[in-house]
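Working notes, structure below.
Here is the naming used below: chain letters follow the sequence lines, and residue numbers restart at 1 for every chain.
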Amino acid sequence: MEKWINKLDKPLMMPITRRQKENENVDTFFFEHSINSQAGQFVMMWIPGVDEKPFSIAYDTGTELGLAVAKVGPFTEELFRLKVGDKVGIRGPYGKGFWKADGAKKVVMVGGGYGVAPLLNIAEELVQDEVDIHFINGARSKDLLLFQDRLNNLEAEIYTTTNDGSHGIKGLVTDPIKEILKKEKIDLVYICGPELMEKAVFDICEASGINCQISIERYMKCGMGVCGACAVDGTGEPMCIKGPVVDSKTVRGITEFGKYHRSGSGVKNNF
Amino acid sequence: MPDISINLAGIKFSNPTILASGILGVTKDSLKYVVKNGAGGCVIKSISKEERKGHNAPNMHAIEGGFMNAVGYSNPGLEKAKKEFTNLKDVGGPVIASIIGTDADEFAYMAENLLSEEFAAVEAVLSCPHTPGYGTLAGQGTPEATEEITKKVRAKTKLPLFIKVSPESQPIGEIAKAAEAAGADAISATNSMGPGIHLDIYAKKPILHFGMGGVSGPALRPIAARCVSDIYQSVKIPVIGIGGVTCGRDAIEMMLLGASAVQVGTAVYYRGAEVFKKITDEIEEYLKQEGFESVNDIIGIIHEKQWKNG
């Protein structure tokens with residue numbers, strides 16, 4: 001019998017083993033769980049009786065899984081009420097993450113807001129392979145910047161931008177990347193953040209003929225390529241299994257990129 | 001090479017694998033993606049009169065040997081769906097509309113207002129096991145309700161009309177007869193079974209937020225196969241076999257029992273969207289091995305009374 005019959009995606013209940021405050025609005029929830037993920041993959045978290053939502057993986061040490069969660073709505077408010085020892089259901093990892101590209105020796109990473117975590121995970125791997133990294137980290141203001149310690153420990157050129165100038169360079173992540181591209185030949189750009197930011201960076205890279213890997217977030221309801229909620233226009237592919245990370249060639253085929261996304265019922269919403 | 005194309009209710013399909021409603025199918029481009037992966041045709045995700053958010057998640061999960069879901073008919077509603085499903089020739093294969101309603105009049109309203117001539121057919125779903133107000137939870141699985149809904153939809157559309165029935169409606173041959181008498185062109189058999197319950201014993205709660213849900217995949221297959229067999233022997237209109245079809249063997253089994261085509265849903269979970277191409281290749285392989293010239297030659301042949309061929 002083929003191995004497909006053994007697939008068994010359902011949540012596994014596990015206790016929160018510790019919590020770590022990342023900023024005003026973001027906590028990381030840790031689990032003792034060997035998830036064996038790739039940078040950029042996600043899990044589905046189930047709070048019984050509440051809902052189930054996708055979260056990108058912020059930490060995977062091999063024995064410990066960490067999910068950095070912003071308190072933004074009813075589900076996350078419920079999660080923030082939970083204490084160490086309380087259990088939630090986890091299934092995954094899901095999706096296609098960032099990958100090491102052949103011949104990419106000089107790369108730029110552009111992370112906006114929560115997009116920094118998955119990029120840090122791939123960056124920490126690339127450093128082992130002696131890849132030169134420029135890491136641009138942007139947020140609206142200083143108190144929204146994330147993972148500053150991890151960034152500072154990374155062997156990379158770090159650029160920090162804030163919209164209001166409360167930390168680092170005043171401006172957008174597109175400012176430093178333009179400067180970098182003027183000075184150096186870059187092989188690949190990794191992008192993860194709000195979609196309009198991603199689009200702006202992607203457009204710059206397209207104009208310069210530089211390949212990108214971009215994490216595209218859509219409404220991921222099942223995570224298994226079944227429900228169709230995250231299928232993107234143009235290719236029609238479900239991003240939960242064909243993404244969230246895709247390369248420039250795929251992005252060119254996604255006609256809705258940077259324009260709109262769909263709600264859980266399938267209604268289009270513009271960015 | 002054996003001929004694998006089929007003609008069902010006047011619609012030509014390049015092969016007998018059709019995407020079942022509720023899997024992918026939210027957008028026109030996702031249908032295109034499914035046809036690109038080898039589907040002979042596709043059914044859109046069911047559309048209701050108004051937008052529906054559906055149940056909270058988890059909406060679906062696997063179980064040992066099967067799959068459970070309680071999506072709750074999330075869909076953008078009639079008006080937005082009309083805009084989504086235009087220029088359907090882009091899809092590259094026949095597109096079947098799927099409609100739901102809370103009663104026969106709403107079904108008729110849906111048929112009248114959603115169905116453009118671009119659709120190849122319409123499937124009216126009387127059999128959802130997990131959405132209050134619709135399907136079996138609204139009593140649509142009886143011969144009387146089947147006849148009334150079929151008749152009212154029939155009056156509003158000239159498109160071939162498929163009636164999608166529940167494996168829980170028994171004797172299912174009687175349901176099929178009621179649909180046939182009221183003007184249906186084909187029976188889609190079956191929907192998921194149940195509702196069933198699957199708990200997480202540590203959470204001490206059902207995993208599905210709705211509390212229960214339809215059971216599909218391999219666990220459903222023998223029951224759906226028997227329903228197809230019963231329906232084939234009860235009516236003269238074609239049957240589409242649906243329920244756990246995951247590989248060529250399963251599709252062939254359905255067709256030997258009388259299905260003119262199969263719909264494939266949960267198998268997308270097990271084997272990816274490429275499953276359509278895979279099943280078609282596996283069917284072709286069987287036809288070659290067994291010396292059949294056409295896939296139409298296997299339909300219903302295990303029954304003694306072959307009063308309907310292809």
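Ranked by heavy-atom pairs shorter than 4.5 Å toward chain B, the options Ala231(A), Pro48(A), Gly266(A) are led by Pro48(A). If you tally non-hydrogen atom pairs under 4.5 Å between each of Thr255(A), Asp51(A), Leu12(A) and chain B, the highest count goes to Asp51(A). In terms of heavy-atom pairs under 4.5 Å with chain B, the best-connected choice from Pro11(A), Gly49(A), Gly225(A) is Gly49(A). Contact count versus chain B (heavy atoms, under 4.5 Å) is highest, among Cys227(A), Gly264(A), Gly236(A), for Gly236(A). Contacts with chain B were tallied for Lys7(A), Lys53(A), Met44(A); Lys7(A) has the most, counting heavy-atom pairs under 4.5 Å.
Contacts between residues 59-82 of chain A and chain B, defined by a heavy-atom separation under 4.5 Å, are made by no residue at all.
Side chain to side chain, Ser74(B) and Lys221(A) meet the donor-acceptor criterion of an N or O pair below 3.5 Å.
Counting non-hydrogen atoms of neighbouring residues, nucleotides and ligands closer than 6.0 angstrom, the CG atom of Asn36(A) reaches no more than 12 such neighbours. Within 6.0 Å of the NZ atom in Lys96(A), the count of heavy atoms belonging to other residues, nucleotides or ligands exceeds 12. A 6.0 Å sphere centred on CD of Glu118(B) holds more than 12 heavy atoms belonging to other residues, nucleotides or ligands.
In this structure, OH in Tyr270(B) is found 10.0 Å from CE in Met224(A), a value given to the nearest 0.5 Å.
Put simply, the side chain of Asn59(B) never gets that close to the backbone of Cys222(A): no donor and acceptor are under 3.5 Å apart. Formation of a donor-acceptor pair under 3.5 Å by the Asp29(B) side chain with backbone atoms of Thr235(A) is not found in this model. In this structure, Tyr202(B) contributes its side chain and Lys87(A) its backbone to no donor-acceptor pair below 3.5 Å.
Taking 4.5 Å as the limit, some side-chain heavy atom of His198(B) sits within range of a side-chain heavy atom of Lys10(A).
Salt bridge present: Lys242(A) and Glu274(B) bring a charged side-chain N and a carboxylate O closer than 4.0 Å.
Heavy atoms closer than 4.5 Å to chain B are found nowhere in Val88(A), neither backbone nor side chain.
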